[in-house]
Amino acid sequence: MQYDFNNIEKKWQEYWAKNQTFKAKNDSEKEKFYVLDMFPYPSGAGLHVGHPLGYIASDIYARYKRHKGFNVLHPMGYDSFGLPAEQYAIQTGQHPADTTRVNIEGGVDKEGKKIEGYRKQLDRMGFSFDWSREVRTSNPNYYKWTQWIFIQLFNSWYNTDADKAEDIADLITAFEKNGNANIKAVCDEDTPSFTAEDWKAFSEKEKQEVLLNYRLTYLAESEVNWCPALGTVLANDEIVNGVSERGGHPVVRKKMTQWSMRITAYAQRLLDGLQKVDWPQPLKDSQTNWIGRSVGAAVDFNLKDFEDTISVFTTRPDTIFGVSFMTLAPEHELVGKITTPEQKEAVEAYIEATAKRSERERMADVKTISGVFTGAYAEHPFTKEPIPVWIGDYVLAGYGTGAVMAVPCGDQRDYDFAKHFNIDIPNIFEGVDISEEAFADKENTVIANSDFLNGLPYKEATKKVIAELEKLGQGEGKVNYRLRDAVFSRQRYWGEPFPVYYDADGLPHMIEEEHLPITLPEVDKYLPTETGEPPLGNATEWAWDTVAKKVVENSKIDNKTVFALDLNTMPGWAGSSQYFNRYMDPKNEQEIFSQEAINYWQDVDLYIGGSEHATGHLLYSRFWQKFMFDKGLVPKDEFAKKLINQGMITGTSAFVYRWSQNYLEKVIFLSHGFISKVVDARGFVNDYSKPLENLISSLTSKPGGRVISEANWKNFMPLHADVSLVNSSDELDVEGFKNWRPEFKDAIFIGDNGEIIEGDNDKYIVGREVEKMSKSKYNVVNPDAICEEFGADSLRLYEMFLGPLEQSKPWNTAGITGVHSFLKKLWRLYHGGADGAFEVSDEEPNKDSWKTLHKTIKKVEEDIENFSFNTSVSTFMIAVNELSSQKCASRKILEPLIILVSPYAPHIAEELWEKLGHDESISEAPFPKFEEKYLVESSKEYPISFNGKMRFKLELPLDLSKDEIESTVMAHEKTQQQLQGRTPKKVIVVPGKIVNIVG
RNA sequence: GCCUUGGUGGCGGAAUUGGUAGACGCGCUGGAUUCAAAAUCCAGUUCCUUUGGAGUGUGGGUUCGAUUCCCACCCAAGGUACCA
């Protein structure tokens, strides 16, 4: 009987769906295990083979855990709000909700394009997802809870004394009693101080404004990159050289009132929490760097002739007597004010030049030193000496205060700046030469020339100077974080609407929880309005009636009982910041999730996803989780115990090379190999129309006289060829290519030896290059096609077999035949009967078969625990090869073997399991138990090395002593042959391992 | 610049604690089977000047022994904030 994978896979996928095999219960005698994938954004392009890599790995792990007796939660859903759907809506006028549904469920879009749909594609790969728990972030019954969390954040403040988020009502009570003098909270810098009496005297508007300084989500003016032409705000990396990446429109910095999330309140806890999660170190490093904690002091420098002060943050307050200038970021707010008339022109020119440079550019360029003196002077807090104030683009406005106290003797950048501009470099270090470079070694610092700090090391000097600064009222010790509050408003249509309306004073009010969700209004176009308002400004029914408690027409707005709703929507990361908890109880309409559900599942045990989410999704999710923990909603303040980053699968593009300097009427493609020969031979190309044969010969030989150029790769333009037209030997299907690109219908193809390709006998070999998998590079490989041709089990095995999960690796469809023929061999192992009929015996297996089985159990179990899935596929191949040659057909071997294979290739496993006589799914069959006794050996084939190089092998009993081994080896003829009469200096014997003879 | 990851045959990769470098698979070569092809099976396949020798990005070091540990460097990919 043949291995009929198409029918087998269909049969079991239907079986799993019908029997709800993978539906997880929220209570069980078994221990729980939660395996989570980062859910996909359902794009119209569908899945390619790179997408399921992580899903296959997590599925193997989830299935393995079921075999190990766990109650496994393995859900899947869609992160279905997002920009591509909105762009598509703008272009085609289709509602993003419709296109999104088609992308998930399949169907035909307005253009008549058939879309398979993510769900079908995923189902085809045999994943053990519990689809009854599916969530879609763009469904109102899901985003109801995203809005709900937003309201909870609005109604909370961060109490630094308690080090947790608390109810805003408690803060109001405290204000009524004592004002805000004794409140320790994370709040805006410019929060005024007031007494209880002040508070009581405030108007409602004033009170609300004060409270916004404390709320965990708050309205603030933030600067954004505004692109008037696109009517939208752009991210830093959407801007290239000061203009938008799309369309090249000018971008201006604009202040906008937007919602912000006070993530900075959690900076320290986000940092500390990294200690207790098992996440990849590079990912932890990037979060640590993103949070950017540094300890030092805030120092205020008074300005000469101005009331203002320049605030700086420094990690080296101990070096304050070494300050010889200050540098402000060119964007610093004081620059315009303090620049003297003489310097004005130079400063303005410099600012203009800086504005054209991106932050990345300013950061990466350490060689160019630039800056301009403002003409102004600050005053040293202790010596009262004047300090010149410069501007320089090595200081970034976005970090700290945007100003630096420059200590050239202790900081290399300040040193280089001072040298370049001939600024004084006072030495304040004892016994250190600073004539060549700055001295930045904190540990070996002894301060000198510094008044009251003389003779002190770094730590004591820092302590002392902070105390002195505090006395002067010009500074204090401070911990600074790079982390900024996160802007939470987007001027887009396809996102969660805010449950917020604005009163006549422009103050925000939350809609009561019981009226959620506030669903997205219909609009007739998805672009910003003509007045520059976000797309929701196009809605005619987008006002909140506080009496009727519903969304009503805009015309009813009276600012008494009917108010305007927020026109912004939430960002992409809103919906993904708590979905892992919602999966635990996804249909609950009363609560975000029940306490029973969250207390049972607790947290994610294994999370698999891409490293590109290191500082976005994964940081915001941790923030929301900590907030929910403070509110007593979740039992764990970190949502995922272990995290694995899967690498990218890159595509192997295929190229044909068009000769750009031929003057024949026909297009000529030369093979990669032939061009190499021509270039290596330094062949010449001439420009005369000749019969084709002459033309080819002129490529390789120098034609007398009329030479125009030496052959060069630049003469041959590479064009992508669709990878589906190339076989496993890199041979192009020439006819297929001509049909695919009709403009090349008459093209001539020249093979590796300069032959013109005609018919099937000659081969055009394409060039290969590894690139990101993308439609435009024609290197996308569709998993459906692979499933069709080789089956889902082959696809699953092959994706794992490609290499280590975490590394990026190129896809090459040709190699899949290896794992496919492995599955066929596996099938034959169970079908040794006449005409390939199913047949297993009840005979006792021989010793070798037991050994093969148990070493396989051991290795596969270790591999899965270490997420080394590629090596277990090899192990299966070795096992099947060995069992085949042992002619093993014993049930005692073949039954446990198929359980081992089952997490990787579940369809074939179910089929064989059924044939073995089981009427229940294999999915919960207990994982075979490894027994050491089958691997015990009595002898070992020792490698015999000479000076560390293995020269021959010798089979010896394992119970020989060291001396016995040595004498046996030394007496061996091959040893004498190697030594050629020499006497060895030394013989190293490691019993059970190796023998090494030195000399 | 800085941080992170990586560099092993023609290709993907293996070598889990310092102990046989190249497992397993692809590709390639030869053979069997076949009218032929597909499929399947068997043998070979790191390189070289082959009774031997060299070899895991480069150059050093530690060691009886290094892909593995240490130092310096080169290259590639990803990230990034001159962090004061």
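Just the heavy atoms: all of them, side chains too, but no hydrogens, waters or symmetry mates, feed the values below. Letters A, B, ... mirror the listed sequences (proteins, then strands); counts begin at 1.
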When all nucleic acid strands are considered with a 4.0 Å heavy-atom cut-off, which category describes [X]: base, sugar-phosphate, or nothing?
X: A:Thr871; answer: sugar-phosphate
X: A:Lys825; answer: sugar-phosphate
X: A:Asp411; answer: nothing
X: A:Ser868; answer: nothing
X: A:Ser294; answer: sugar-phosphate
X: A:Ser821; answer: sugar-phosphate
X: A:Arg828; answer: sugar-phosphate
X: A:Glu862; answer: base
X: A:Asp863; answer: base

Could you tell me the separation between the [atom1] atom of [X] and the [atom2] atom of [N], rounded to a whole number of Å?
X: A:Phe946; N: B:rG53; atom1: CZ; atom2: P; result: 11 Å
X: A:Ile644; N: B:rU5; atom1: CD1; atom2: P; result: 15 Å
X: A:Ile994; N: B:rG65; atom1: CD1; atom2: C1'; result: 7 Å
X: A:Tyr415; N: B:rA84; atom1: OH; atom2: C1'; result: 18 Å
X: A:Gln287; N: B:rU4; atom1: CD; atom2: P; result: 16 Å
X: A:Lys809; N: B:rU8; atom1: NZ; atom2: P; result: 16 Å
X: A:Glu799; N: B:rG25; atom1: CD; atom2: C1'; result: 16 Å
X: A:Leu805; N: B:rG13; atom1: CG; atom2: C1'; result: 15 Å

Could you work out which one of [options] sits closest to the side chain of [X]?
X: A:Thr314; options: B:rA21, B:rG19, B:rA84; value: B:rA84
X: A:Ile988; options: B:rC64, B:rC26, B:rU5; value: B:rC64
X: A:Gln807; options: B:rG27, B:rG6, B:rU20; value: B:rG6
X: A:Met950; options: B:rC83, B:rC64, B:rU20; value: B:rU20
X: A:Lys993; options: B:rG13, B:rG19, B:rC26; value: B:rG19
X: A:Phe801; options: B:rG25, B:rA84, B:rA21; value: B:rG25
X: A:Trp290; options: B:rU80, B:rG19, B:rA84; value: B:rU80
X: A:Leu802; options: B:rG12, B:rC26, B:rG19; value: B:rG12

Return no unless some side-chain N or O of [X] is found under 4.0 Å from OP1 or OP2 of [N].
X: A:Arg951; N: B:rU51; answer: no
X: A:Thr315; N: B:rA84; answer: yes
X: A:Asn870; N: B:rA14; answer: yes
X: A:Arg413; N: B:rC83; answer: yes

Of A:Ile816 and A:Lys824, whose closest RNA chain B nucleotide lies nearer the 5' terminus?
->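 The residue whose closest nucleotide sits nearer the 5' end is A:Ile816.
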Report the residue (A:Asn881 or A:Met405) whose heavy-atom-nearest nucleotide on RNA chain B is the more 5′ of the two.
->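 This one resolves to A:Asn881.
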Is it the case that [X] and [Y] place a side-chain donor and acceptor less than 3.5 Å from each other?
X: A:Ser872; Y: A:Tyr904; value: yes
X: A:Thr852; Y: A:Gln886; value: yes
X: A:Trp290; Y: A:Thr288; value: no
X: A:Tyr394; Y: A:Asp414; value: yes
X: A:Glu862; Y: A:Asn866; value: no

Chi-angle category of B:rG9 [syn within 90° of 0, anti beyond] =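 Chi for B:rG9 falls in the syn range.
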What integer number of Å spans the [atom1] atoms of [N] and [M]?
N: B:rA72; M: B:rG9; atom1: C1'; value: 28 Å
N: B:rU4; M: B:rC11; atom1: P; value: 29 Å
N: B:rG27; M: B:rC71; atom1: P; value: 43 Å
N: B:rA76; M: B:rA66; atom1: C1'; value: 24 Å
N: B:rC74; M: B:rG59; atom1: C1'; value: 10 Å
N: B:rA36; M: B:rA23; atom1: P; value: 34 Å
N: B:rU67; M: B:rA54; atom1: P; value: 13 Å
N: B:rG79; M: B:rC73; atom1: P; value: 25 Å

For [N], what is the paired nucleotide under Watson-Crick or G-U wobble rules, both distances under 3.5 Å?
N: B:rG52; result: B:rC48
N: B:rA36; result: none
N: B:rA76; result: B:rU5
N: B:rA43; result: B:rU29
N: B:rC64; result: B:rG19

Classify the angle between the aromatic ring planes of A:His831 and A:Trp827 as parallel (below 30°), tilted (30 to 60°) or perpendicular (above 60°).
->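 Because their plane-to-plane angle is under 30°, the rings of A:His831 and A:Trp827 count as parallel.
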From A:Lys284 atom NZ to A:Leu271 atom CG, the distance as rounded to the nearest 0.5 Å =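 Rounded to the nearest 0.5 Å, the NZ-CG separation comes to 11.5 Å.
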CG/A:Leu900 to CG/A:Asp863 distance, rounded to the nearest 0.5 angstrom?
->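 Atom-to-atom, A:Leu900:CG and A:Asp863:CG are 11.5 Å apart.
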A:Glu932/A:Lys855 ion pair, N-O < 4.0 Å |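 A salt bridge is absent here (no side-chain N lies under 4.0 Å from a carboxylate O).
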